[in-house]
Amino acid sequence: MTGLLVTGHGHFATGLASTLKLIAGTMEHIVYVDFEEDHSTEILTKNLNHGLDELGSCSGVLILADLAGGSPFKTAVECKYARPEQKIEVLAGTNLPMLITAASLVETDCDLPTMAETVMTAGKEYIMRYQMTEHTDNIDDDGI
């Protein structure tokens with residue numbers, strides 16, 4: 001099984017946690033780390049490492065961060081390189097479809113790189129713009 005760690009600014013991670021719980025129920029092997037206004041990057045590093053330790057029995061850990069280049073993302077990458085013995089992938093730009101997809105793969109035997117690619121694809125596929133289109137009835141159709 002693969003562990004999942006979600007991190008981001010403010011209450012991004014725990015906000016997604018409450019949403020995932022509403023949709024899918026309580027899930028194991030997922031850790032949420034917020035980077036709050038009064039936190040330093042040292043506190044964030046400590047909290048991310050604690051989360052990675054909690055997921056230490058997993059075959060790997062997928063980290064989902066909110067914003068590429070932000071402190072949670074950069075610090076997660078630093079933690080990845082400080083733990084060469086632990087398989088870790090870090091993604092940024094996390095949205096709810098990514099989290100739902102990742103959570104559905106946690107208990108499977110999906111390898112970490114494949115999981116990361118699958119999660120990124122899901123995140124991209126669910127971005128859409130609503131456009132109203134005019135509907136015209138074709139009187140030649142038989143209605144089926």
Side-chain angles (χ1 to χ4, degrees), residues 1-55 58-83 86-144:
M1 109 199 63
T2 302
L4 186 60
L5 191 153
V6 183
T7 187
H9 294 84
H11 296 278
F12 178 82
T14 52
L16 283 177
S18 66
T19 304
L20 182 64
K21 183 178 179 184
L22 180 67
I23 294 169
T26 303
M27 305 201 67
E28 294 184 21
H29 310 293
I30 305 176
V31 174
Y32 302 91
V33 177
D34 288 326
F35 180 49
E36 298 186 41
E37 185 176 353
D38 63 340
H39 287 181
S40 65
T41 53
E42 289 77 21
I43 290 172
L44 177 60
T45 300
K46 179 179 147 248
N47 292 341
L48 288 172
N49 279 315
H50 178 72
L52 290 167
D53 288 343
E54 283 185 50
L55 299 169
C58 297
S59 61
V61 178
L62 179 62
I63 300 177
L64 300 178
D66 59 349
L67 183 65
S71 295
F73 176 77
K74 291 189 296 187
T75 306
V77 169
E78 290 170 358
C79 289
K80 169 188 168 70
Y81 286 107
R83 295 169 165 260
Q86 193 173 16
K87 294 178 184 175
I88 300 172
E89 291 277 346
V90 183
L91 302 180
T94 301
N95 58 31
L96 186 56
M98 289 173 72
L99 178 58
I100 292 169
T101 301
S104 72
L105 294 172
V106 164
E107 296 293 330
T108 69
D109 60 355
C110 185
D111 65 273
L112 188 56
T114 302
M115 183 178 182
E117 286 297 324
T118 303
V119 168
M120 285 193 313
T121 299
K124 293 173 188 176
E125 286 180 354
Y126 280 90
I127 297 171
M128 61 183 66
R129 177 177 169 232
Y130 171 79
Q131 289 185 303
M132 171 95 67
T133 57
E134 188 173 319
H135 175 74
T136 57
D137 287 330
N138 185 346
I139 55 176
D140 295 330
D141 287 344
D142 61 6
I144 297 177

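- For residues 41-52, the set of pairs meeting the side chain to side chain donor-acceptor pair (under 3.5 Å) definition, not counting sequence neighbours, comprises Ser40-Glu42, Asn49-Arg83, His50-Glu54.
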### Message
Apply side-chain contact (heavy atoms from CB on, under 4.5 Å) to residues Asn95 and Ile127 and explain how you reach the verdict.
### Response
CA-CA 9 Å; Asn95 58 31; Ile127 297 171; 4.3 Å; yes
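- Expressed to the nearest 0.5 Å, how far OG of Ser71 lies from NE2 of His39 amounts to 12.5 Å.
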### Task
Carefully, step by step, assess Thr19 and Leu96 under the rule side-chain contact (heavy atoms from CB on, under 4.5 Å).
CA-CA 8 Å; Thr19 304; Leu96 186 56; 3.6 Å; yes
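- Judged by distance alone, with hydrogens and angles left aside, the side-chain atoms of Thr94 form a donor-acceptor pair with the main-chain N or O of Ala65 at under 3.5 Å.
- The main-chain N or O of Ile88 is found under 3.5 Å from a side-chain atom of Lys80 such that the two form a donor-acceptor pair.
- Closest approach of Ala103 and Leu4 over heavy atoms only: N-CD2, 4.0 Å.
- Counting heavy atoms from C-beta on, the side chains of Leu5 and Leu52 come closer than 4.5 Å.
- Between the side chain of Glu89 and the backbone N or O of Val61, no donor-acceptor pair lies under 3.5 Å.
- Under the 3.5 Å distance criterion, the side-chain polar atoms of Thr108 are left unmatched by any main-chain donor or acceptor of Ser104.
- Of all non-hydrogen atoms in Glu28 and Glu107, the two that sit nearest each other are O-OE2, 4.4 Å.
- Judged by distance alone, the side chain of Ser59 and the main-chain N or O of Met1 form a donor-acceptor pair under 3.5 Å.
- With rounding to the nearest 0.5 Å, the separation of CG in Leu48 from OG1 in Thr75 is 6.5 Å.
- Counting all heavy atoms, side chain and backbone alike, Gly8 lies closest to Ala13 at N-CB, 4.4 Å.
- The shortest non-hydrogen separation linking Thr101 to Ala122 is OG1-CB, 3.2 Å.
- In this structure, Met132 and Tyr130 have side chains that are in contact, with non-hydrogen atoms separated by less than 4.5 Å.
- Interatomic distance, SG of Cys58 versus NZ of Lys87, reported as 12.5 Å (0.5 Å rounding).
- For Val119 against Met98, the heavy-atom pair with the smallest separation is O-CG, 3.4 Å.
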### Message
As a quick check of understanding, evaluate side-chain contact (heavy atoms from CB on, under 4.5 Å) for Phe73 and Val90, giving each step before the final call.
### Response
CA-CA 8 Å; Phe73 176 77; Val90 183; 3.7 Å; yes
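- Rounding to the nearest 0.5 angstrom, the gap separating the CG atom in Leu16 from the CD1 atom in Ile100 is 9.5 Å.
- Nearest heavy atom pair, residue Ala76 against residue Ile63, reads CB-CG2, 3.9 Å.
- Pairs of residues two or more places apart, or lying in two chains, that qualify as side chain to side chain donor-acceptor pair (under 3.5 Å) and include a residue from residues 109-129 are Asp111-Thr114.
- For the atom pair NE2 (His11) and CD (Glu37), the distance works out to 9.5 Å, reported to the nearest 0.5 Å.
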### Chi angles and distances behind the side-chain contact (heavy atoms from CB on, under 4.5 Å) call for Leu62, Val106
CA-CA 9 Å; Leu62 179 62; Val106 164; over 6 Å; no
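- Taking the side chain as every heavy atom from C-beta outward, Asp66 and Pro72 approach each other to under 4.5 Å.
- The backbone N or O of Val33 sits less than 3.5 Å from a side-chain atom of Thr7, completing a donor-acceptor pair.
- If you take SG on Cys79 and CG on Leu44, they are separated by 7.0 Å, rounding to the nearest 0.5 Å.
- Between Tyr32 and Leu20, some side-chain heavy-atom pair lies under the 4.5 Å cut-off.
- Residues Val31 and Leu55 are in side-chain contact: their nearest non-hydrogen atoms beyond the backbone lie under 4.5 Å apart.
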